[in-house]
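Naming: A, B, ... by sequence-line order, numbering from 1 per chain. What you see is a predicted model, and the numbers here were worked out from it, not measured in a lab.
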Protein chains: 2
Amino acid sequence: MTLSTAFMDTGHDHANCMESALDRASALCGERGVRLTPLRRRVLELVWVGHKPLGAYEILDTLKAERRGAAPPTVYRALDFLLQHGLVHRIESLNSFVGCPDPLKPHGGQFLICRSCGLTAELNDHRIDQAIRNSANQAGFAVGRPMIEIEGLCPYCRDAGEGSP
Amino acid sequence: MTLSTAFMDTGHDHANCMESALDRASALCGERGVRLTPLRRRVLELVWVGHKPLGAYEILDTLKAERRGAAPPTVYRALDFLLQHGLVHRIESLNSFVGCPDPLKPHGGQFLICRSCGLTAELNDHRIDQAIRNSANQAGFAVGRPMIEIEGLCPYCRDAGEGSP
DNA sequence: CTAAAAATGTTACAATATAACATTATAGAC
DNA sequence: GTCTATAATGTTATATTGTAACATTTTTAG
Ligand SMILES: [Zn+2]
Ligand SMILES: [Zn+2]
Ligand SMILES: [Zn+2]
Ligand SMILES: [Zn+2]
């Protein structure tokens, strides 16, 4: 995902976007010899539905309508699996989860989160990462996993003048 | 706070460090016409004690031993006040709170958090901020409040070989 | 002193997350 | 195919983090 397409344009074919994300997930799990079960696949699908972070209990509410014994462990275990394999990220500032568009290479995650509509885009800008590493190194700190969550306004909400009225 | 002193050295006079933080807080509240009550001052003192993030219920446990009717709202209200005035920051990835060494100028917060000992340092590196703004601008995103929390190893734990054995 | 405002006390509950153990489904050995 | 080990899910209970709502006390200002 390049910078200029961090936020999908309005003509974005979302059905195809979601399907290809699920296909990539399926392939990745196949290569790693782990199982993308129907439950895990469904949870992944749900976090991909809106390109916006979803809370565990929002996911649970949907699952409850679809499965007999859905309970918190149901969704948290699926999310743990998806997190372990880089298929979703956890957004710490929202206690929520969002699909990762590029699960193959391990990375922390740089997120642009719209405060108006919730739309979230993932960056992976090496310049940001480098700036952080430079600064941390000067402090004598060994960087593990940088977490970057930037609240603000997405292009659509910004242009619509949202977020302050 | 300059980069090279992000983590205090071992000879760090912590009693003095904490006292001066409280004095700065007192002065700031005076200038703003708001009250740094004994409760608020005590909570601020507690988050400063260890230079490491403290959970609300950890603070509450201490307060309970000192005051009659300490309950969750007691500590959350004090923290809300301190957050509003920039005297503490919330560390989202830990659901915890840490004192701000520079409450005068508003800022998001760039944190280096040791996964071994919990020691946390606050950076405010304009280059990181600039890298983020550049990248977000290219995505058409209007940056509000960037949040940066970097997990890793502080200089002492790194040198002691902690964090992986 | 008195009234308004601010701060704190108190009770109850909401939202998020995990522990522990039982059951079911899957994969591989035979 | 059957059996067995493992992985996944079901189920119940509970831990952790955070708020709502209203009562009481303290502080400020007239
Ligand atoms: Zn990602
Ligand atoms: Zn938006
Ligand atoms: Zn700060
Ligand atoms: Zn450390």
Side-chain angles (χ1 to χ4, degrees), chain A residues 25-26 28-47 52-85 87-98 118 149, chain B residues 25-26 29-47 52-85 87-98 118 147 149:
Chain A
S26 189
L28 178 152
C29 289
E31 285 164 21
R32 295 188 189 172
V34 297
R35 293 162 53 201
L36 188 64
T37 62
L39 173 62
R40 291 165 175 173
R41 185 185 175 88
R42 180 62 177 138
V43 171
L44 181 57
E45 192 176 35
L46 289 175
V47 300
K52 52 190 71 170
L54 214 53
Y57 281 75
E58 292 180 282
I59 296 168
L60 179 55
D61 286 343
T62 302
L63 288 182
K64 273 181 181 166
E66 300 173 353
R67 305 173 68 90
R68 181 169 122 260
T74 310
V75 56
Y76 280 106
R77 283 192 289 224
L79 287 170
D80 283 347
F81 172 88
L82 298 171
L83 286 166
Q84 270 169 27
H85 292 284
L87 295 165
V88 307
H89 292 281
R90 179 184 164 86
I91 304 297
E92 300 289 347
S93 58
L94 297 174
N95 292 339
S96 293
F97 304 85
V98 69
E149 298 177 7
Chain B
S26 188
C29 289
E31 285 162 21
R32 295 188 187 172
V34 296
R35 293 161 54 202
L36 188 65
T37 62
L39 172 61
R40 291 166 175 172
R41 184 184 175 89
R42 179 64 177 138
V43 171
L44 181 57
E45 191 174 38
L46 289 175
V47 299
K52 53 189 72 171
L54 214 53
Y57 280 73
E58 292 180 283
I59 295 168
L60 179 55
D61 286 342
T62 303
L63 288 182
K64 273 180 181 167
E66 300 173 352
R67 305 172 68 92
R68 183 169 120 261
T74 310
V75 56
Y76 280 105
R77 284 192 288 226
L79 287 170
D80 283 347
F81 173 88
L82 297 171
L83 285 167
Q84 271 169 26
H85 292 284
L87 295 165
V88 306
H89 291 281
R90 179 185 164 85
I91 304 297
E92 300 289 346
S93 58
L94 298 174
N95 292 340
S96 293
F97 303 85
V98 68
M147 195 232 305
E149 298 176 7

Specify the separation, in whole Å, of atom [atom1] of [X] and atom [atom2] of [N].
X: B:Gln84; N: C:dA7; atom1: CD; atom2: P; value: 10 Å
X: A:Arg41; N: D:dA8; atom1: CZ; atom2: P; value: 17 Å
X: B:Asp61; N: D:dT16; atom1: CG; atom2: P; value: 10 Å
X: A:Asp80; N: C:dT16; atom1: CG; atom2: P; value: 16 Å
X: A:Phe97; N: C:dT16; atom1: CZ; atom2: P; value: 10 Å
X: A:Leu39; N: C:dA25; atom1: CG; atom2: C1'; value: 13 Å

OP1 or OP2 of [N] less than 4.0 angstrom from a side-chain nitrogen or oxygen of [X], does that happen here?
X: B:Arg90; N: D:dT17; answer: no
X: A:Thr37; N: C:dA25; answer: no
X: B:Arg67; N: C:dT10; answer: no
X: A:Arg68; N: D:dT9; answer: no

* Carefully, step by step, assess A:Val43 and A:Val88 under the rule side chain to side chain contact (heavy atoms under 4.5 Å, CB included). => CA-CA 10 Å; A:Val43 171; A:Val88 307; over 6 Å; no

* Asked: Which is it for B:Lys52 and B:Ser96 under the side chain to side chain contact (heavy atoms under 4.5 Å, CB included) test, yes or no, and what are the steps along the way?
  -> CA-CA 9 Å; B:Lys52 53 189 72 171; B:Ser96 293; over 6 Å; no

* Candidate pair A:Leu94 and A:Glu149, rule side chain to side chain contact (heavy atoms under 4.5 Å, CB included), full reasoning -> CA-CA 10 Å; A:Leu94 297 174; A:Glu149 298 177 7; 5.9 Å; no

* Spatial distance of atom CD (B:Glu66) from atom CG (B:Asp61) [nearest 0.5 Å] ->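 Result: 11.0 Å between the selected atoms.
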
* Decide yes or no, distance alone: a donor-acceptor N/O pair under 3.5 angstrom between the base of C:dA19 and the side-chain of A:Tyr76. =>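 It does not, because no donor-acceptor pair links the side chain of A:Tyr76 to the base of C:dA19 below 3.5 Å.
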
* Start at the 5' end of DNA chain C and walk down; is the nucleotide closest to B:Gly69 or to B:Arg40 reached first? ->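 Nearest-nucleotide comparison on DNA chain C picks B:Arg40.
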
* Could you walk me through whether B:Arg67 and B:Leu39 pass the side chain to side chain contact (heavy atoms under 4.5 Å, CB included) test, one step at a time? => CA-CA 9 Å; B:Arg67 305 172 68 92; B:Leu39 172 61; 4.0 Å; yes

* **Option among B:His89, B:Arg90, B:Glu92 that satisfies the side chain to side chain contact (heavy atoms under 4.5 Å, CB included) test with B:Met147** =>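 When B:His89, B:Arg90, B:Glu92 are each tested with B:Met147, the side chain to side chain contact (heavy atoms under 4.5 Å, CB included) holds only for B:Glu92.
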
Give me the distances for all protein-to-nucleotides 22-30 of chain D N/O pairs that come in under 3.5 Å?
none

